[in-house]
*Asks:* 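I am attaching a structure below and will ask some questions about it afterwards.
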Amino acid sequence: MHQSDGSSGQIPGATPAIPGMFPTMFPLATGQPFGALPVMPVQAMTQQATRHARRVYVGGLPPTANEQSVATFFSQVMAAIGGNTAGPGDAVVNVYINHEKKFAFVEMRSVEEASNAMALDGIIFEGAPVKVRRPSDYNPSLAATLGPSQPNPNLNLAAVGLTPGSAGGLEGPDRIFVGGLPYYFTEAQVRELLESFGPLRGFDLVKDRETGNSKGYAFCVYQDLSVTDIACAALNGIKMGDKTLTVRRANQGANQPKPEQESVLLHAQQQIALQLMLQPGAVSTKVLCLTQVVTPEELINDEDYEDIMEDMRGEGGKFGTLVNVVIPRPRPNEAAPGVGKVFLEYADIDSATKARAGLNGRKFGGNQVMAVFYPENKFAQGEYDA
C-alpha cells in the first residue's frame, strides 16, 4: 500500500507520539517500515520481551573502556568469528557501562547473536581478558522459546585469538591469565618463571598469527590447583624490564590466598625475588655485562682505555651488530658505579645470546670472563651497578 503524501507507509501524525511513548524501547532504529500504527506497540513489546535474551554481561573492563569502544569492539569480533546472523551491519545496538564496577551490558540485535557472543568469554579487550556472561535477569526457559541458547559450534574463534579447549587443559576456574610480559620473552622463559611454583598442566603463550611474535600475554593451568592463588599473588605486580606483570585467574578478579597459604606465598615470593635478582642474566636482553675482564687500574690511562675499547668492539662484534660499548671508568676521589664491568649492547637479542654463549668462561688476560644479560632499562638510564 503506497500513500501519496510521502509518509512512507505510516499513518500521518503517528510518528511524533512514538518517541515519547517508548523512549527506552527504541535505543536504535530498527530500520523496518511499519504498515500501520498497531504494529508499533507489538514491535516494542517484542523488543522488551527479548531484551533479557539479547543482552550479555561483560565484566572486568579496564577503566579506559567507554560505550563506544565496547560497542565497536564487540561488533568487530562478532563479525570476525562469523557470529552475525541478523544480516549486514553491527551486531551491537546498545551498551550500558557501570564504570564504578567495571562491567557493561551489551545489547545485541538478536537472541541468536547474543548466544554466539557467549563464546567470547575470556576475550582480550584492551590488554586484559573480560568475562562474558548472561545477565542476572536472563530467563533460560523463556529464552529457549526465542532462539538458540548456545553459541553456534562452527564459530571461527581462532580469528580473535580464542581457542576453546585446544591448549591442553586450559579451561575451568583455575585458568590463569599472565599479562604484561616483555615481548622478547621466549616461551621457555615464561614457562620457567611459572614453573617455579610447580608443574603446569597447560600453557599457551599467545602469538600474533601473522608474525609469530609474542603478544605479551599467556594462559596457564597448574597441575596442583592449590598453588593457583599463590602463583597469582606472588607474580602479580612484579616488574620485568619496562613492564609490570598482571597475573590473576582468567575468569574472576583477584583472589586473596587463604591464611594457611600465607607462609607458602611468602616463600614463593622470596624464591621469585631470588630468581630475578640473583640471576640478572636469567632473562635475555640485548645488553651483555662482562665482569673479570678489566681492572680499574687498566682504565686510568687514556691510551690503555682506547686499546681496551677497540679490543672489546672487535671481540663483541664477532657475534652480531654492536650498537654500543660502555666501559665505566674510575673517577678521582669519588665512587664510579660499574667500574670493572664491560657492557655490550647489541641490535637484537639473538646476537646478545650468541655473544653470551661465546664469551662466558673465556679467558682474557688470564682471567675467566663472566657474561650475563643486563636489564635494558637500567642500561638505558646509565645505571651500571645493578
Side-chain angles (χ1 to χ4, degrees), residues 180-186 188-189 192-193 196 235 237-245 269-386:
L181 291 164
Y183 295 116
Y184 52 77
F185 259 43
T186 64
Q189 287 170 325
E192 190 183 342
L193 180 69
S196 44
L235 289 166
I238 279 186
K239 289 212 173 336
M240 289 207 147
D242 54 349
K243 303 224 169 195
T244 303
L245 292 189
Q269 282 175 320
Q270 287 165 348
Q271 282 297 104
I272 292 248
L274 281 173
Q275 203 176 333
L276 295 174
M277 305 315 152
L278 294 184
Q279 306 177 351
V283 175
S284 304
T285 65
K286 295 178 194 169
V287 182
L288 215 54
C289 172
L290 309 181
T291 47
Q292 303 189 59
V293 186
V294 292
T295 62
E297 294 74 41
E298 293 171 312
L299 301 172
I300 295 168
N301 179 292
D302 286 350
E303 280 182 29
D304 291 348
Y305 182 77
E306 284 307 320
D307 286 346
I308 292 168
M309 202 64 154
E310 277 310 306
D311 280 354
M312 284 299 131
R313 282 204 189 97
E315 284 301 317
K318 292 175 182 173
F319 302 99
T321 309
L322 268 175
V323 179
N324 201 357
V325 176
V326 174
I327 306 176
R329 295 181 76 174
R331 300 177 198 146
N333 307 324
E334 62 173 307
V339 172
K341 295 178 180 176
V342 174
F343 296 94
L344 305 177
E345 183 184 8
Y346 286 90
D348 52 63
I349 287 175
D350 197 35
S351 303
T353 307
K354 285 180 188 154
R356 184 184 181 217
L359 295 171
N360 193 37
R362 280 256 311 266
K363 289 267 174 78
F364 267 100
N367 294 326
Q368 195 167 10
V369 178
M370 277 183 65
V372 295
F373 293 114
Y374 196 79
E376 289 173 24
N377 58 334
K378 289 198 185 303
F379 179 75
Q381 286 160 13
E383 294 176 27
Y384 301 133
D385 52 354

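The basis for the numbers below is simple: all heavy atoms, side chains too, and nothing from hydrogens, waters or symmetry mates.
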*Asks:* Please report the interatomic distance CG(Leu299) to CD1(Ile308), rounded to the nearest 0.5 Å.
*Replies:* 5.0 Å
*Asks:* Rounded to the nearest 0.5 Å, how far apart are CG of Asp304 and CD of Glu297?
*Replies:* 11.5 Å
*Asks:* Do Glu376 and Val287 come close enough that some side-chain heavy atom pair is under 4.5 Å?
*Replies:* yes
*Asks:* So which heavy atom on Val293 is nearest to which on Val342, and how close?
*Replies:* CB-CG2, 4.4 Å
*Asks:* List the atom of Lys341, the atom of Pro328, and the distance in Å for their closest heavy-atom pair.
*Replies:* O-CD, 3.3 Å
*Asks:* So that I can tick it off, tell me whether Asp348 and Lys354 are bridged by a salt bridge, with the cut-off set at under 4.0 angstrom between side-chain N and carboxylate O.
*Replies:* no
*Asks:* Okay, side chain of Thr285, backbone of Tyr374: is any donor-acceptor separation there less than 3.5 Å?
*Replies:* yes
*Asks:* Answer yes or no: is there a side-chain heavy-atom contact under 4.5 Å between Leu288 and Phe343?
*Replies:* no
*Asks:* Quick check: closest heavy atoms across Pro330 and Ile300, and the distance to 0.1 Å?
*Replies:* CG-CG1, 4.0 Å
*Asks:* Between Leu359 and Val369, which heavy-atom pair has the shortest distance, and what is it?
*Replies:* O-CB, 3.7 Å
*Asks:* How close do Ser351 and Gly320 get, heavy atom to heavy atom, and via which atoms?
*Replies:* OG-CA, 3.6 Å
*Asks:* Could you check whether atom CE of Met309 has more than 12 heavy atoms from other residues, nucleotides or ligands sitting under 6.0 Å from it?
*Replies:* yes
*Asks:* Are Val323 and Lys286 side-chain neighbours, meaning at least one heavy-atom pair lies under 4.5 Å?
*Replies:* no
*Asks:* Excluding sequence neighbours, so at least two apart, what forms ring-ring contact (aromatic ring centres under 6.0 Å, His included) with Phe319?
*Replies:* none
*Asks:* Contact between Arg329 and Asp302 at the side-chain level, heavy atoms closer than 4.5 Å - yes or no?
*Replies:* yes
*Asks:* For Ile327, does its backbone N or O pair with a side-chain atom of Tyr305 as donor and acceptor, under 3.5 Å?
*Replies:* yes
*Asks:* Anything under 30° is parallel, anything over 60° is perpendicular, the rest tilted; go ahead and classify Phe379 against Tyr384.
*Replies:* tilted
*Asks:* Is a side-chain donor or acceptor of Tyr346 paired with a backbone partner of Gly316 at a separation under 3.5 angstrom?
*Replies:* yes
*Asks:* Near Glu303 CD, under 6.0 Å, is it more than 12 heavy atoms from other residues, nucleotides or ligands?
*Replies:* no
